[in-house]
Amino acid sequence: MDKLRIEGERPLHGDVQISGAKNAALPLMAASLLTDQPVVLLNAPELMDVRTLSQLLTGMGMQVDRGEERIRLQADRITVCEAPYERVKTMRASVLVLGPLVARFGHARVSLPGGCAIGARPVDQHIKGLQLMGAQVQVEHGDIVASVPRGRLKGARISTDMITVTGTENLMMAAALAEGETVIENAAQEPEVADLAAMLVKMGARIEGAGSSRIRIQGVERLRGAEHVTVPDRIEAGTFLCAAVATRGDVTLRRCVPEHLDALLDKLREAGARITTGANWVRVQADAMPGGRARAVSVRTSEYPGFPTDMQAQFMAVNCLAMGAAHLTETIFENRFMHVQELVRLGANIAIEGNTCVVQGVERLSGATVMATDLRASAGLVIAGLAAEGTTVIERIYHLDRGYAGMEHKLAALGARIARVS
Ligand code: EPU
């Protein structure tokens with residue numbers, strides 16, 4: 001199993017190009033099931049999760065051709081409408097095939113995702129929405145088994161009990177081919193939802209309001225192929241910003257969307273970093289922060305446009321070395337503090353109180369061997385390792401490979417001493 005070895009305490013300097021978003025690419029790929037014509041994704045990130053979904057789709061009969069940052073998908077010969085447990089257990093986002101399969105083929109069998117490292121993560125809202133659209137859905141032998149007795153889903157008004165990102169995406173894709181109007185209330189407003197809607201519209205879907213809490217979809221009978229550029233990854237971007245601040249460096253992100261980073265940028269300014277932005281770039285200067293260190297800054301995670309739960313671990317790493325104490329409250333997932341014990345191994349001072357971590361900044365972290373437990377936790381450990389004195393070894397780095405494209409190469413180009421060891 002691969003590990004990362006980092007020699008820390010080297011400020012990051014230079015430019016880094018941000019890849020397409022994992023959490024946009026996955027629903028965009030699933031959306032290709034909605035048409036028999038080719039869908040071409042550009043700026044597609046080179047990630048393990050993208051490969052896992054490619055394999056799942058290929059297993060259904062989809063033609064998937066991958067080039068550099070480009071994927072062509074064509075679902076003109078789908079033979080199996082199933083997502084087996086072997087795939088779903090490695091990547092919960094596999095559940096995104098459920099809506100498109102039910103909408104286009106009238107049936108689907110998708111393994112019910114189990115709990116995962118960060119929480120229970122049920123998919124009851126995905127199921128409830130499809131039932132409101134007329135699907136019959138049961139759980140049989142651990143699989144979600146869905147069918148549409150009347151042949152075509154019917155538009156419905158769906159108000160989800162909580163804001164769910166992939167739930168909104170699944171239902172929006174299903175509604176695109178349903179008969180009549182669907183209104184999704186309490187919809188997720190994440191940029192990845194809006195990006196999916198933008199591609200669906202190119203495919204001929206009639207969708208209004210994506211990116212707000214109410215999405216209106218007028219179903220159409222068929223969708224066509226499209227070419228689409230995946231939105232930049234705001235979480236990858238945020239991870240590099242936090243790495244720059246933790247190492248007191250000066251980094252410019254290229255090919256990103258600054259407004260998607262607003263909540264984080266505000267917090268980094270509060271911490272003492274100087275932030276400048278242009279149309280598609282962000283520069284963070286943390287090499288001359290007042291007092292020579294970041295100030296502790298508290299956050300509470302919430303749905304977009306709030307502070308993302310996917311940035312909580314990385315922002316915690318910044319706070320580990322800050323002046324003062326910060327409260328980091330996690331409101332989206334019930335078990336997303338697995339990185340805390342590992343950060344403590346690096347010398348951080350963190351106490352967990354319910355869903356809040358109290359981080360008392362220390363002057364120095366010291367390198368150690370730590371274990372990655374999930375994707376964003378791994379990113380938090382990488383940042384802490386970059387800032388710590390001495391050598392940090394991060395084990396189980398496959399978690400990082402799921403969602404970051406060539407992270408160690410990008411960090412090395414910014415001056416980090418980082419190497420992958422098998
Ligand atoms: N929830 C339910 N029932 C549902 C759906 C969600 O109870 O039917 C709960 C979840 O358990 C959670 C909350 O609602 O407590 C929000 O979950 P959501 O459905 O929004 O999460 P998701 O769609 O499964 C996506 C991202 C996650 C990201 C979350 C929150 C993708 C592929 N995944 O997950 O990304 O953390 O939204 O923003 O888009 C990551 O990239 O590391 C990652 C975990």
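As a basis for the values below, the full set of heavy atoms in this structure was taken, side chains included, without hydrogen atoms, waters or symmetry mates. All values reported here derive from a predicted model rather than from experimental measurement. Start at 1 with the first residue, then count along the sequence. Each ligand, and each atom within it, is numbered from 1 in the order the structure gives.
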Search all heavy atoms of Leu153 against all heavy atoms of Ala174 and return the closest pair with its distance.
CD1-CB, 3.8 Å

So is Pro122 touching ligand 1 or not, going by heavy atoms under 4.0 Å?
yes

Within a strict 4.5 Å, meaning less than it, do heavy atoms of the Pro113 and Val123 side chains meet?
yes

Would you call Arg234 and Glu192 a salt bridge, using N to O less than 4.0 angstrom?
yes

Return yes when Ile163 approaches ligand 1 closer than 4.0 angstrom through a heavy atom, no otherwise.
yes

Of all protein heavy atoms, the one nearest atom 30 (C) of ligand 1 is Thr309 CG2, 3.8 Å

Closest protein heavy atom (residue, atom, distance) for atom 33 (N) of ligand 1:
Asn23 ND2, 3.6 Å

Strictly by modelled atom types, are Asp76 and Gln63 linked by a side-chain donor-acceptor pair under 3.5 Å?
yes

What protein heavy atom is closest to atom 44 (C) of ligand 1, reported as residue, atom name and distance in Å?
Arg336 NH2, 3.5 Å

His327-Glu353 side chain donor-acceptor pair, cut-off 3.5 Å:
no

Selection from Ile332, Asp124, Asp374 by shortest heavy-atom distance to atom 15 (O) of ligand 1
Ile332

For atom 2 (C) of ligand 1, tell me which residue out of His126, Met162, Arg92 has the closest non-hydrogen atom.
Met162

Checking heavy-atom distances from atom 18 (P) of ligand 1 to each of Val165, Val95, Ile127, Val193, the winner is Val165

Ile118 versus ligand 1: do any nitrogen or oxygen atoms come within less than 3.5 Å of each other?
no

Identified side-chain hydrogen bond (donor to acceptor under 3.5 Å, both in side chains) partner of Ser19 from the options Glu46, Lys410, Glu69:
Lys410

For atom 21 (O) of ligand 1, find the nearest protein heavy atom and state the residue, atom name and distance (0.1 Å precision).
Phe333 CZ, 3.9 Å

Note: ligand 1 atoms sitting under 4.0 Å from heavy atoms of Lys22 are 40 (C), 41 (O)

